[in-house]
Amino acid sequence: MRLLQGIFTKINEMLMNHQIGAYGVVIESNTTTCPTGIKFVVNDRGELIEGDPEIDLLSFHKELQKSIDERLSITLKLLEGIKVFIDPIYPSINLLIFGGGHIAVPLVKLGKLMNYRVTVMDDRTEFANSVRFTEADKVICKSFEMSCENLALDANSFVIIITRGHRYDLSCLEAVLRSPVQPAYIGMIGSRRKVAAIKEALIEKGIPEELLNKVYAPIGLDIGAQTPEEIALSILSEIVMVSHYGISNGLKTQANGRKNNG
């Protein structure tokens with residue numbers, strides 16, 4: 001009972017501190033060294049932080065890490081008739097919105113409906129205030145440069161860049177890509193021409209092309225979005241898709257880009 005309490009205390013602690021990891025339990029076993037019912041908790045690197053130290057994590061570390069990285073619950077069949085169930089631990093998505101314009105308003109509402117933690121950043125007081133964004137967890141009114149300096153990104157962060165201008169989009173994207181921890185998702189609004197120009201400029205600044213290729217731009221799923229509310233739905237739909245499947249088949253992936261929401 002004490003071990004079980006420790007397991008659930010650790011999981012609750014991780015959720016409260018926005019930490020990523022996984023919970024595991026042996027659901028079938030033919031051995032006494034690793035009996036059915038053994039439970040454990042690991043961090044985002046697959047390292048044991050709570051539970052029975054007899055569990056041999058090294059024997060299935062690759063699959064364990066994949067479960068965490070891809071946010072997928074899995075059941076593993078190991079040698080000696082052992083089955084282990086792995087369930088990733090992820091706190092609420094941390095949604096960071098650069099730009100407080102007309103699309104940000106429905107984005108915040110939809111984000112909170114999805115139980116995300118939502119932060120909005122803009123450098124204009126008329127766009128970055130608690131009256132405009134009553135439901136946001138945090139509203140930051142600073143220059144984008146200053147906002148970017150204090151970024152606290154983690155692997156559970158989802159970034160949306162929808163500022164009012166090309167240069168602001170570029171500086172925000174550069175700051176996010178230079179972060180020591182890359183977020184789970186970076187999406188930037190804009191036409192293909194704008195996206196290509198920003199990509200070229202950042203390559204010249206030394207940003208690796210492989211990082212730029214991970215940016216979802218143009219942003220969102222192709223649902224024919226026209227209004228701010230429809231565009232917000234398109235963006236949040238892509239985020240849900242990426243959070244569950246690790247990839248999106250949205251506007252970025254379309255060869256001809258029949259529609260774009262920028």
Side-chain angles (χ1 to χ4, degrees), residues 11 14-15 18-23 44 65-74 86-121 133 135-138 151-163 169 172-173 176-177 179 181-190 195 211 213-254 257-262:
I11 292 174
M14 292 174 71
L15 291 172
H18 310 297
Q19 296 172 338
I20 296 169
Y23 162 76
D44 59 343
Q65 192 65 60
K66 183 178 180 181
S67 171
I68 296 170
D69 293 342
E70 297 183 3
R71 305 173 183 234
L72 295 174
S73 298
I74 58 173
I86 308 294
D87 193 24
I89 297 169
Y90 273 85
S92 297
I93 283 176
N94 181 27
L95 191 65
L96 302 172
I97 304 171
F98 288 93
H102 54 292
I103 298 172
V105 175
L107 267 177
V108 170
K109 292 181 180 296
L110 286 174
K112 292 310 298 178
L113 187 64
M114 299 293 292
N115 294 317
Y116 297 164
R117 290 177 291 120
V118 182
T119 299
V120 182
M121 291 163 275
F133 295 108
E135 296 175 77
D137 295 278
K138 186 184 293 186
L151 278 182
L153 296 178
D154 56 36
N156 205 40
S157 295
F158 287 67
V159 175
I160 299 172
I161 301 174
I162 48 170
T163 74
D169 286 344
C172 291
L173 181 57
V176 172
L177 290 175
S179 170
V181 178
Q182 286 298 291
Y185 172 94
I186 305 170
M188 184 178 69
I189 203 165
V195 170
L211 276 184
N213 289 338
K214 294 179 181 179
V215 177
Y216 289 88
I219 195 172
L221 298 185
D222 186 2
I223 60 172
Q226 299 294 323
T227 67
E229 292 77 15
E230 290 172 345
I231 295 171
L233 178 61
S234 165
I235 295 171
L236 262 294
S237 296
E238 180 166 70
I239 283 176
V240 170
M241 190 171 193
V242 171
S243 70
H244 288 300
Y245 297 119
I247 195 168
S248 160
N249 61 0
L251 288 162
K252 174 192 172 185
T253 64
Q254 293 183 5
R258 297 187 304 277
K259 293 179 183 293
N260 64 67
N261 41 15

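For the single chain, residues carry numbers from 1 onward in sequence order.
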Heavy-atom side-chain contact between [X] and [Y] under 4.5 Å:
{"X": "Arg117", "Y": "His18", "value": "yes"}
{"X": "Pro91", "Y": "Ile20", "value": "yes"}
{"X": "Ile89", "Y": "Gln19", "value": "no"}
{"X": "Leu113", "Y": "Glu135", "value": "no"}
{"X": "Ile186", "Y": "Lys214", "value": "no"}
{"X": "Ser237", "Y": "Ile223", "value": "no"}
{"X": "Asp154", "Y": "Asp44", "value": "no"}

Measuring from [X]:[atom1] to [Y]:[atom2], what's the distance to the nearest 0.5 Å?
{"X": "Leu95", "Y": "Asn115", "atom1": "CG", "atom2": "CG", "result": "12.5 Å"}
{"X": "Thr119", "Y": "Asn94", "atom1": "OG1", "atom2": "CG", "result": "5.5 Å"}
{"X": "Phe98", "Y": "Ile161", "atom1": "CZ", "atom2": "CD1", "result": "6.5 Å"}
{"X": "Tyr185", "Y": "Ile247", "atom1": "OH", "atom2": "CD1", "result": "12.5 Å"}
{"X": "Ile235", "Y": "Leu110", "atom1": "CD1", "atom2": "CG", "result": "10.0 Å"}

Does [Y] offer a backbone N or O that forms a donor-acceptor pair with the side chain of [X] under 3.5 Å?
{"X": "Glu70", "Y": "Gln65", "value": "no"}
{"X": "Glu238", "Y": "Asn249", "value": "no"}
{"X": "Asp169", "Y": "Thr163", "value": "yes"}
{"X": "Tyr116", "Y": "Val108", "value": "no"}

Between [X] and [Y], what is the shortest heavy-atom contact and its length?
{"X": "Ile86", "Y": "Ser67", "result": "CG2-OG, 3.4 Å"}
{"X": "Ala155", "Y": "Val181", "result": "N-CG1, 3.9 Å"}
{"X": "Met241", "Y": "Ser248", "result": "SD-CA, 4.0 Å"}
{"X": "Ile162", "Y": "Ala104", "result": "CD1-N, 3.9 Å"}
{"X": "Gly100", "Y": "Val120", "result": "CA-CG1, 4.1 Å"}
{"X": "Ile68", "Y": "Ala22", "result": "CG1-CB, 3.7 Å"}

Walk me through it: do Leu177 and Val215 pass the test side chain to side chain contact (heavy atoms under 4.5 Å, CB included)?
CA-CA 9 Å; Leu177 290 175; Val215 177; 4.2 Å; yes
From CA spacing to verdict: side chain to side chain contact (heavy atoms under 4.5 Å, CB included), Met114, Val240
CA-CA 9 Å; Met114 299 293 292; Val240 170; 3.6 Å; yes
If you count heavy atoms of other groups shown closer than 6.0 angstrom to NZ of Lys109, is the number above 12?
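Atom NZ in Lys109 is not crowded, with 12 or fewer foreign heavy atoms closer than 6.0 Å.
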More than 12 foreign heavy atoms under 6.0 Å from CG of Leu72: is that the case here?
yes
Partner of Ile219 under side chain to side chain contact (heavy atoms under 4.5 Å, CB included), chosen from Val195, Leu251, Ile160
Ile160
Residue pair Phe133, Val118: steps toward the side chain to side chain contact (heavy atoms under 4.5 Å, CB included) verdict:
CA-CA 10 Å; Phe133 295 108; Val118 182; over 6 Å; no
Could you go through the side chain to side chain contact (heavy atoms under 4.5 Å, CB included) check for Leu151 and Ser179 one step at a time?
CA-CA 8 Å; Leu151 278 182; Ser179 170; 5.7 Å; no
Apply side chain to side chain donor-acceptor pair (under 3.5 Å) to Arg71 and Asn156, showing your working.
CA-CA 10 Å; Arg71 305 173 183 234; Asn156 205 40; 3.0 Å; yes
